[in-house]
Amino acid sequence: MTGSEPIEFVVAVLLVIGAFFTLVAGYGLIKIKDPMSRLHAPTKAGTLGAGSMLAASMIYAFHYAEGSVNELLILAFLFLTAPVSANFISKVHIHRGRTGKPLPKPSEDSEWATTVEAEKSE
């Protein structure tokens with residue numbers, strides 16, 4: 001057993017985990033009918049799958065080459081933008097009235113969310 005076999009094993013495991021979660025994300029995106037539930041497939045499983053593959057790439061690059069932090073920047077961008085895009089998509093879905101129930105009236109206070117119901121205990 002050489003010194004690089006454990007690294008190769010870790011990289012292979014991370015690639016298999018990443019491929020599995022990416023496959024689950026694609027399947028969930030196709031098969032789940034409700035748009036609000038469908039958001040979880042690409043934002044949760046897809047991000048985890050891409051993160052695992054990027055981690056495998058980083059480990060491989062630092063062990064066999066000079067290494068690069070490009071994967072880390074991609075991962076940070078992905079982790080920052082996936083929740084924001086999911087929030088925007090869900091807000092569009094809510095505002096188009098496709099939730100099956102009417103939207104509550106906007107609150108009169110300074111809250112930024114449009115569906116916040118202010119509970120006034122007087």
In terms of side-chain heavy atoms, does Y60 have a donor or acceptor partner in E71 at a distance below 3.5 Å? no
Is it true that atom OH of Y27 has more than 12 heavy atoms of other residues, nucleotides or ligands lying nearer than 6.0 Å? no
Hydrophobic cluster membership, V11 vs Y64, 4.5 Å side-chain cutoff: yes
Taking all heavy atoms of S85 and all of A82, pick out the closest pair and write down the distance. OG-O, 3.0 Å
Verify the neighbour count for atom CZ of F20: are there more than 12 heavy atoms of other residues, nucleotides or ligands below 6.0 Å? no
Output a table of donor-acceptor pairs, distance under 3.5 Å, between side-chain atoms of residues 43-55 and any protein atom two or more places apart or on a different chain; print 'none' if there are none.
from	atom 1	to	atom 2	distance (Å)
T43	OG1	L39	O	2.6
T47	OG1	T43	O	2.7
S52	OG	L48	O	3.0

If you measure from CE on M58 to CG on N70, what distance do you get to the nearest 0.5 Å? 10.0 Å
Is it true that F9 and I17 fall in one hydrophobic cluster, defined by side-chain heavy atoms closer than 4.5 Å? yes
Going only through I, L, V, M, F, W and Y residues with side-chain contacts under 4.5 Å, is there a path from L14 to L23? no
Going by heavy atoms in the side chains, are V84 and L80 under 4.5 Å from each other? no
